Amino acid sequence: ETGVTQSPTHLIKTRGQQVTLRCSSQSGHNTVSWYQQALGQGPQFIFQYYREEENGRGNFPPRFSGLQFPNYSSELNVNALELDDSALYLCASSSGQGRDTQYFGPGTRLTVL
Amino acid sequence: AQSVTQPDIHITVSEGASLELRCNYSYGATPYLFWYVQSPGQGLQLLLKYFSGDTLVQGIKGFEAEFKRSQSSFNLRKPSVHWSDAAEYFCAVGLNEKLTFGTGTRLTIIP
């Protein structure tokens with residue numbers, strides 16, 4: 001069974017640029033959630049995708065957007081990067097909605113200069 | 001809105017000693033609760049979870065946690081820590097589609 005994978009591992013961008021992060025869900029999972037973890041903080045929920053539709057969103061501006069593909073992999077896009085977007089971005093997959101356990105990938109470390 | 005409090009930012013224990021990490025939650029209904037562990041620069045690994053039923057749950061790596069509704073707590077315990085347990089520990093409460101995490105407790109193990 002393949003776990004959750006994310007790419008890239010690290011990347012560096014400058015303020016105002018756009019970035020795309022990718023996530024492949026665990027085999028058999030149809031739900032992907034994205035979290036932002038700033039240094040020294042707990043993860044903060046960005047949004048969730050269930051069967052290619054957005055299914056809940058946290059307190060993040062519209063410049064954070066996402067997609068889920070028919071194979072249930074997902075992308076997180078961030079436009080007009082700001083310095084405060086520097087963080088570890090975590091993807092988690094689960095097998096449905098509600099009371100499902102979320103399994104996390106290793107994360108993508110984004111640095112905005 | 002639900003919230004999670006981990007009152008201890010940093011805990012240091014000796015190898016072989018017992019451990020208890022505190023977690024308190026605020027939630028209007030029966031929550032489902034998780035403990036995750038994160039090694040430096042890594043993702044989150046699930047230690048254990050509580051959905052319903054027996055309030056004492058067993059997890060991986062010898063960890064257990066007890067759900068106490070009257071105290072709104074879900075404390076994590078281990079009878080004897082190993083140097084490899086040094087990491088950041090996060091308590092989380094689940095509501096529908098999202099998890100709400102505490103700010104974490106960093107565990108340091110001394111020989």
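To find a chain, count down the sequence lines: A is the first, B the second, and so on, and within it residues start at 1. Every value quoted in this text rests on a predicted model; they were computed, and no experiment measured them.
- Across Q36(A), R63(A), R15(A), a single residue satisfies side chain to side chain donor-acceptor pair (under 3.5 Å) together with D85(A), and that is R63(A).
- Heavy atoms only, all atoms of each residue included: L88(A) and R109(A) are closest at N-NH1, 3.6 Å.
- Contact annotation for F47(A): neither backbone nor side-chain heavy atoms come within less than 4.5 Å of a heavy atom of chain B.
- Partner of Y50(B) under the ring-ring contact (aromatic ring centres under 6.0 Å, His included) criterion, out of W35(B), Y32(B), F67(B), Y25(B): F67(B) alone.
- No more than 12 heavy atoms of other residues, nucleotides or ligands shown are found within 6.0 angstrom of CD1 on I9(B).
- Residue L46(B) touches chain A through its side chain alone, counting heavy-atom pairs closer than 4.5 Å.
- If you measure heavy-atom distances from K98(B) to chain A, the contacts under 4.5 Å come from both the backbone and the side chain.
- With a 4.5 angstrom heavy-atom cutoff, Q6(B) does not touch chain A via any of its atoms.
- Note on P106(A), G107(A), C91(A): by heavy-atom pairs under 4.5 Å with chain B, the leading option is P106(A).
- Contact of Q44(A) with chain B is not made at all, since no heavy-atom distance falls under 4.5 Å.
- Between F34(B) and F51(B), the angle of the ring planes goes over 60°, which puts this pair in the perpendicular group of the 30/60° scheme.
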